[in-house]
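This report concerns only the one structure given below.
In this text, all values refer to a predicted model and were calculated from it rather than measured experimentally.
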Amino acid sequence: MDRGHELLALAVPIAREAAELARTMRAAGVDPVATKSTLTDVVTAADRAVERQVREAIHAARPGDAVLGEEYGDSQKASAVRWILDPIDGTVNYLYDLPQYAVSLAAEVDGVVVAGVVINAATGREWTAVLGGGAHADGRKLSGSQQADLRQALVGTGFGYAADRRLHQAAVLAGLIGDIRDVRRFGAAAIDLCLAAEGSLDAYYEKGLNAWDHAAGGLVAAEAGLLVTGLAGAAPGPDMVVAAPPALHGALHDRLVELDAEKGP
Ligand code: LIP
């Protein structure tokens, strides 16, 4: 079994148990326990509990591996394998009990993401990918949207926790909205990338994402045949993540460049 499939075989049961814990804690009621970058950037007890459970499971199976997680940071271990974890992506949806939040777990070897799983903890939907091995959901191989006309594209995006960034993102969207079919703001980047991978969205873009928001979902999208990039030749990262089929990527990319989408706060 190659490294990617070997690491995915470990990631999937760990992510399923994490999703179960998130669901159970959601059912018991959720309150913010703290705020992070802004007053609206909340963390719940479940974000922390799920991350601790995943870290313990990874440590038990592969004690030498490093982990980068949203809530407890980077374990700073010198290891070829690093796990990139968002215990609950879409925390605001989780807080409001909107069924669009996910456990997102990716495995990176020597800096390259080779395996990823995203599980919508509310619905149980599961997306997986292995580098060079394709992307799958519900036992189906994914291949993205066939849409080649930006004017007919249903595009997903998101907004940051800081008001000045949201104002810039809204101005970009105001410039783009007349050029596309419509926009969808579902609130969880990991799921948005997977919806683009299966063609439920034609494309997705967002500024301000952290590695844990897009590592696993980005591999699912790329293995479904989408181009997953930053702007102007950059890799996907905090300045911008754009995911679109090759026939659509250029037009969306160029419009986002024209609109200074990666600029601003
Ligand atoms: C969220 C992202 C979403 C973005 C939110 C937030 P979190 O991650 O998944 O796409 O629009 O501002 O960053 O904070 O729920 O892990």
Side-chain angles (χ1 to χ4, degrees), residues 15 18-19 22-23 26 30 40-44 46-47 50 70 85-106 116-129 135 137-138 142 144-145 147 150 152-162 165-166 168-170 172-174 176-177 180-222 224 226 228 236 238 240-245 248-249 252 256 261:
R23 243 192 324 276
R26 179 52 263 183
V30 170
T40 56
D41 183 3
V42 297
V43 58
T44 70
D47 291 277
V50 170
E70 176 168 7
L85 167 68
D86 193 334
I88 300 181
D89 186 39
T91 297
V92 173
N93 287 344
Y94 187 76
L95 187 64
Y96 284 79
D97 204 8
L98 295 168
Q100 200 76 4
Y101 46 86
V103 175
S104 174
L105 182 60
V117 53
V118 174
I119 301 179
N120 180 327
T123 65
R125 287 213 66 204
E126 181 179 299
W127 298 267
T128 59
D138 315 318
L142 306 180
S145 157
Q147 185 56 253
L150 189 60
Q152 304 232 23
L154 186 65
V155 177
T157 194
F159 302 87
Y161 289 116
R165 172 158 299 161
R166 287 198 299 279
H168 175 77
Q169 291 169 317
V172 168
L173 183 54
L176 180 69
I177 196 86
I180 59 176
R181 173 193 296 270
D182 201 346
V183 67
R184 291 292 180 270
R185 198 293 193 244
F186 290 133
I191 298 178
D192 291 340
L193 286 159
C194 293
L195 293 176
E198 66 182 28
S200 300
L201 290 170
D202 294 310
Y204 165 76
Y205 76 92
E206 186 163 353
K207 174 185 172 68
L209 297 179
N210 296 288
W212 48 77
D213 296 314
H214 65 86
L219 182 68
V220 172
L226 279 65
V228 183
M240 185 55 69
V241 172
V242 186
L248 199 53
H249 184 277
L252 177 58
L256 291 171

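- Contact detail for Ala102 and Val118: the closest heavy-atom pair is CB-CG1, 3.8 Å.
- Between the side chain of Arg166 and the backbone N or O of Tyr161 there is at least one donor-acceptor pair closer than 3.5 Å.
- Using a 4.5 Å heavy-atom cutoff, the side chains of Val183 and Ile177 are in contact.
- Considering all non-hydrogen atoms of both residues, His249 and Ala244 come closest at CA-CB, 3.7 Å.
- The two residues Ala135 and Ala224 come nearest to each other via the heavy atoms CB-N, 4.0 Å.
- Residues Tyr101 and Asn93 approach most closely at CD2-C, 4.2 Å, considering heavy atoms.
- Thr157 approaches Asp192 most closely through the heavy-atom pair O-OD2, 4.2 Å.
- In this structure, Leu209 and His214 approach most closely via the heavy-atom pair CB-CD2, 4.0 Å.
- Looking at Asp41 and Thr91, their side chains never come closer than 4.5 Å, going by heavy atoms from C-beta outward.
- Val241 has its side chain out of reach of Glu206: every pair of non-hydrogen atoms, C-beta onward, lies at least 4.5 Å apart.
- A 4.5 Å side-chain heavy-atom check between Val172 and His168 finds at least one atom pair inside the cut-off.
- Listed for the Asp97 side chain is no donor-acceptor partner under 3.5 Å among the backbone atoms of Arg26.
- In this structure the side chain of Phe186 never reaches within 4.5 angstrom of the side chain of Leu98, judged on heavy atoms.
- Side-chain contact between Val155 and Tyr205: present, with at least one pair of heavy atoms (C-beta onward) separated by less than 4.5 Å.
- Checked by atom type and distance alone, the side chain of Gln169 pairs as donor or acceptor with a backbone atom of Lys207 at under 3.5 Å.
- Counting only heavy atoms from C-beta outward, the side chains of Pro245 and Gln147 never approach each other to under 4.5 Å.
- In summary, the side chains of Ser104 and Asp86 do not present any donor paired with an acceptor at a separation below 3.5 Å, with no hydrogens or angles considered.
- The shortest side-chain heavy-atom distance between Gln100 and Leu195 falls under the 4.5 Å cut-off.
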